Amino acid sequence: MALQLYNTSGRRKEAFEPIDPANVRMYVCGPTVYDFAHIGNARPVIVFDVLFRLLRRRYGDAHVRYVRNITDIDDKINAAAKANGEDIRTLTERTAKAFHEDVAALGCLPPTVEPRATEHIGPIIKMIETLIASEHAYRAEGHVLFSVASDPEYGKFSGRSRDEMIAGARVEVAPYKKDPGDFVLWKPSPPDLPGWESPWGRGRPGWHIECSAMSEAHLGETFDIHGGGLDLIFPHHENEIAQSTCAHGGKQFAHYWLHNGFVTVDGEKMAKSAGNFRTIRDVLNDAPGEAARYAMLMSHYRDPLDWTGERLEQAKHTLDRFYLALRDAPASAGGGMSPEFEAALDDDLNTPLALAALHELLNELNKATTDADKARLAGELRASAAILGLLQRDPNAWLKGPTDEAAEIEALIVQRLDARKAKNFAEADRIRTELAIRGIVLEDKPGGKTEWRRAV
RNA sequence: GGCCGGAUGGCAGAGUGGCUAUGCAGAGGACUGCAAAUCCUCGUACAGCGGUUCGAUUCCGCUUCCGGCCUCCA
């Protein structure tokens, strides 16, 4: 079955067909690096990582080009640097590094290219010049603005008319704008803030133009998939489309637009003022990244997701069950995705249904009686889960966790086995309880062997 | 005010015009010295009101409630 994706442009599922049948190009809006990333930022990174992995499986690793930018020039960055008394460059480097560590812990592959806005000032200026030359942009008091009136298609993507936008505008309109909807492509920058020389004086780019310029630089004028959070539909993506199509003589920008839903925490929108701001770091403190990833994939990417401690616990517990089965299965070579699993992902990345398919495999694996069946099912389970970025670790590493007391635990287990052989069950239970208090769970396997793992 | 998306069992969460996923928690059973893990069985949910239909949780309309966006935002 062919991959179906829900296209925000048109608001329906469509069969995915890349422009070049052999190569896929995808752009996803990345983070603005001014602070630690929160759990809401993690969602698009994980969701599009799953899509990246699925596309790589289909088209080959070398045939999927995934670009995710880093916005390292922005008002919030300037403000945060000032508040910290930190150099701007130091702040963005530090924050970008933290972001990389966080998403790596969540099991996300690095994108093919990770362009930075500050490294694309040349292409940005060039694109703005093109827009001015074709009268889609104009200069006003040191700024360069995009003229929404010059683009009859403006507003179509996000489904709003210009009248509505004006009527609904809740922000004071700068007096130099010809139209209240016009947005900044370039703005002046004072000497104490980052800026670049340009035909319009020293300044810096607006947020929207960065993505248009960087996607063109790394994917060309037209590419296949553009992703991001739901909140970016307007104005960010609407503006990107306007800039890129107008700069490219009306050529279509991205063919498929994918947007992930929002994450709330304990039922409420995350806000520092509400005290429910949850960074990826906070979450990684409570659980392994793989559990957080599983918890994220429990909901369909377009639906809202409420992040709770209970959800994370459940994810952790469920992964224990999978790794328990994998631990006891014979080593398996390769294997493919299960058909049910593949069909679920093909249907607009239905990860909850895909996880259900994984549970079917788990159940079969637990019931399998021959080594051949076990190896086959374990292989299929791992090969399927790999697309979700799950179940790729060594089961014992997952179940036992980092520990330097393994030898001591093993010794106690031997003592307990001796006691059991002597039918001294009181002593055997005493040792088991002692370990339980330390968070160690024992499992007596058939054949007199005892396994241990860390309790959830 | 405008535009969009939701409402499913104790919780999480798919899906479907009739055969009513999956996981967690819970109950009973098998296995076990007892456990743990695993397996088996069980609970019969689709916000409300109308309409279409032989039949609607699924399609249509209205109502209520919730969330997102309306130039900071994943």
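This structure is a prediction, so every number in the text was calculated from the model and none was measured. Throughout, protein chains are lettered first and strands after them, A, B, ... in sequence-line order, and every chain is numbered starting at 1.
Pairs of residues two or more places apart, or lying in two chains, never qualify as salt bridge (charged side-chain N to carboxylate O under 4.0 Å, His left out) while including a residue from residues 356-367 of chain A. For the salt bridge (charged side-chain N to carboxylate O under 4.0 Å, His left out) condition, the pairs that include at least one residue of residues 288-299 of chain A, sequence neighbours left out, are Asp49(A)-Arg293(A). Legend: side chain to side chain donor-acceptor pair (under 3.5 Å) pairs involving residues 371-382 of chain A, not counting sequence neighbours, sorted by first then second residue: Thr370(A)-Asp373(A). For residues 278-287 of chain A, the pairs satisfying salt bridge (charged side-chain N to carboxylate O under 4.0 Å, His left out) are Glu101(A)-Arg281(A), Asp102(A)-Arg281(A), Asp266(A)-Arg278(A), with sequence neighbours left out. Applying the salt bridge (charged side-chain N to carboxylate O under 4.0 Å, His left out) definition to pairs two or more places apart or across chains, none involves residues 227-241 of chain A.
Residues His259(A) and His237(A) have side chains that bring a donor and an acceptor to within less than 3.5 angstrom of each other. Side chains of Asp74(A) and Thr32(A): a donor-acceptor N/O pair is absent below 3.5 angstrom, by distance only.
For the pair His359(A) NE2 and C24(B) P, the interatomic distance rounds to 7 Å; values are reported in whole Å. Straight-line distance from the NE2 atom of His38(A) to the C1' atom of A74(B): 6 Å, rounded to whole Å. Following rounding to the nearest Å, Asp231(A) (CG) and G67(B) (P) show an atom-to-atom distance of 17 Å.
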Inset, instruction - Report, as a single string ordered 5' to 3', how protein heavy atoms within less than 4.0 Å touch nucleotides 35-41 of chain B: B base, S sugar-phosphate only, - not at all. - result: BBSSSS-
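Remark: ring of Phe262(A) does not overlap the six-membered base ring of G68(B) in a stacked fashion, as centroids less than 5.5 Å apart with planes less than 30° apart are not both met.
Residues from residues 375-392 of chain A placing a heavy atom under 4.0 Å of any atom in RNA chain B do not occur.
At least one side-chain heavy atom of Ile233(A) sits under 4.5 Å from a side-chain heavy atom of Phe157(A).
Within the nucleic acid shown, Gly40(A) comes within 4.0 Å of at least one base atom, counting heavy atoms only.
Legend: residues meeting salt bridge (Lys or Arg N to Asp or Glu O under 4.0 Å) with Arg25(A), ordered by chain and number and at least two apart, are absent. Residues meeting the salt bridge (Lys or Arg N to Asp or Glu O under 4.0 Å) test with Glu310(A), sequence neighbours left out: none. For Glu427(A), the salt bridge (Lys or Arg N to Asp or Glu O under 4.0 Å) criterion is met by Arg430(A), not counting sequence neighbours.
His38(A) approaches Ile280(A) most closely through the heavy-atom pair O-CG1, 3.6 Å.
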Protein-nucleotides 11-15 of chain B N/O pairs under 3.5 Å:
residue, atom, partner, partner atom, Å
A12(B), O3', Arg311(A), NH2, 3.2
G13(B), OP1, Ser299(A), OG, 3.1
G13(B), OP1, Arg311(A), NH2, 2.7
A14(B), OP1, His300(A), N, 2.9
A14(B), OP1, Asp303(A), OD2, 3.2
A14(B), O3', Asn350(A), ND2, 2.9
G15(B), OP1, Asn350(A), ND2, 2.9

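Both key distances under 3.5 Å define a Watson-Crick or G-U pair, and stretches of 3 or more such consecutive pairs in RNA chain B run B:1-7 with B:64-70, B:10-12 with B:22-24, B:26-30 with B:38-42, B:47-51 with B:59-63.
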